[in-house]
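Heads up, the thing below is written out as structure tokens.
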Amino acid sequence: MAVKKTEKIWHNGKLINWDDATLHVMAHVVNYGSSVFEGVRCYSQSKGPAIFRAPEHMQRLINSAKIYRMEVPYTRDELVAAMVELVRVNGVTPCYIRPLVLRGYGQLGVNPMESPIDVYFVNYEWGRYLGHGSDEGVDVCVSSWNRLAPNTMPAMSKAGANYMNSQLIKMEALLNGYVEGIALDVNGNVSEGSGENLFVVYQGSLYTPPLGNSVLPGITRDAVIQLAKEMAITVVEHMIPREMLYIADEVFFSGTAAEITPIRSVDKITVAKGGAGPITKAIQREFFNIVNGVVPDRFHWLTAVPVDSKQPVAV
Ligand SMILES: Cc1ncc(COP(=O)(O)O)c(C=O)c1O
């Protein structure tokens, strides 16, 4: 899906033109994959645009960078303000926001510490990710690729390089006719999708793999846990054996892009009767009610974007 360009990109505290956000081919990130990033959604509500869990995303960006000894020269709140400013100035909603911290053009060699840190924020128009089937559920497979092994690439950091693994999972799934692949961890327990966390409903409880099973600490995952607890559903962060996917009552993905996407089949084995189950539907309904502003934002998940003026404000 082609990105529809917007007017401005936020770069190190300044708004630059979309076409000027270029990198040298010898930038460290191009050669060694040295970047961390975020993916954030901004919803269009009747009272204006609202960014989903902006402080949590910016904290995870800072955490991802810290793991790689990258110092982000902005506070969490300054980064939130930068996102708000960008969305306001470009005036494109609903949109996807892509904050990116990378090692730029400096010394070349594996040692990254001599290369400058560059911070870019981009936003653009965006709709649903796992697409057309997401109300009735999507067909997925278990990938032949494992998720990152502990103490190799840190799964808690949302690093660009991790997505080489995600790309292998995604390509294999698509080429075999599935919408997405679920990766197991190196021990054969369920980990996550190429770009989503996973939930399983089994005997009335909601299971999701713990962070130790090589998953990204998903911000939507956390929102699902909060919603489920509020609905008095037992949430269990526990290792999930592969075969539980086949006998589960419900399986669904969570993620910024996927939002809440029911899974209809795994490896061509239908999950229960197929389609979204009652717990998935209840969580999905409440999630969309909050992000679309149909009900009050009782968890304080949304940051409003003022829409009265298009004048840039320096951060
Ligand atoms: C590998 C991976 N796991 C899980 C997620 C879900 O995380 P979040 O809900 O914060 O988008 C994502 C997407 O960001 C991801 O890329």
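Just so it is clear, the model here is predicted, and its values are computed rather than measured. All ligand and atom numbering here is 1-based and tracks the order in the structure.
- Using a 4.0 Å cut-off between charged side-chain N and carboxylate O, K8 and E85 make no salt bridge.
- Considering both main-chain and side-chain atoms, R60 comes within under 3.5 Å of ligand 1 through a nitrogen or oxygen pair.
- Of the N or O atoms in L216, none lie within a sub-3.5 Å distance of an N or O in ligand 1.
- For atom 1 (C) of ligand 1, the candidate residues are E56, H57, R147, R41; the nearest heavy-atom contact is made by R147.
- Ionic pairing of R221 and E196 is not present here: no N-O contact between side-chain nitrogen and carboxylate oxygen is shorter than 4.0 angstrom.
- Using a 4.0 Å heavy-atom cutoff, R53 is absent from the residues neighbouring ligand 1.
- Judged purely by distance below 3.5 Å, without hydrogens or angles, the side chains of D185 and S214 never pair a donor atom with an acceptor atom.
- One finds a salt bridge joining R53 and D222 here, because a Lys/Arg side-chain nitrogen approaches an Asp/Glu carboxylate oxygen to under 4.0 Å.
- Across F37, Y163, F253, F52, heavy-atom proximity to atom 15 (C) of ligand 1 is greatest for Y163.
- The proximity of S194 to ligand 1, defined as any non-hydrogen pair under 4.0 Å, is limited to the backbone.
- If you check which protein heavy atom lies closest to atom 11 (O) of ligand 1, you get T256 OG1, 2.6 Å.
- Close contacts of ligand 1 with N197, meaning ligand atoms under 4.0 Å from a residue heavy atom, involve 4 (C), 5 (C), 6 (C), 7 (O).
- Between Y124 and Y96, the distance separating the two ring centers is shorter than 6.0 angstrom.
- Remark: minimum distance from atom 12 (C) of ligand 1 to any protein heavy atom is reached at G195 O, 3.2 Å.
- Considering backbone and side-chain atoms together, S166 places no N or O closer than 3.5 Å to any N or O of ligand 1.
- The side-chain contact (heavy atoms from CB on, under 4.5 Å) with I263 is formed by just one residue from the set L198, D139, V179; it is L198.
- A salt bridge does not link E71 with K66: none of the charged nitrogens is closer than 4.0 Å to a carboxylate oxygen.
- Less than 4.0 angstrom separates some heavy atom of G255 from each of these atoms of ligand 1: 6 (C), 9 (O), 11 (O).
- Aromatic pair Y74/W10: centroids less than 6.0 angstrom apart.
- A salt bridge does not link R103 to D118: none of the charged side-chain nitrogens sits closer than 4.0 Å to a carboxylate oxygen.
- Interface atoms of ligand 1 facing G218, defined by a heavy-atom separation under 4.0 Å, are 7 (O), 8 (P), 9 (O), 10 (O).
- At the top of the distance list for atom 3 (N) of ligand 1, counting protein heavy atoms only, stands E192 OE1, 2.7 Å.
- Ionic pairing of E38 and K158 is not present here: no N-O contact between side-chain nitrogen and carboxylate oxygen is shorter than 4.0 angstrom.
- Set against the non-hydrogen atoms of K158, the atoms of ligand 1 under 4.0 Å away are 13 (C), 14 (O), 16 (O).
- In terms of protein heavy-atom proximity, atom 9 (O) of ligand 1 is nearest to T220 OG1, 2.6 Å.
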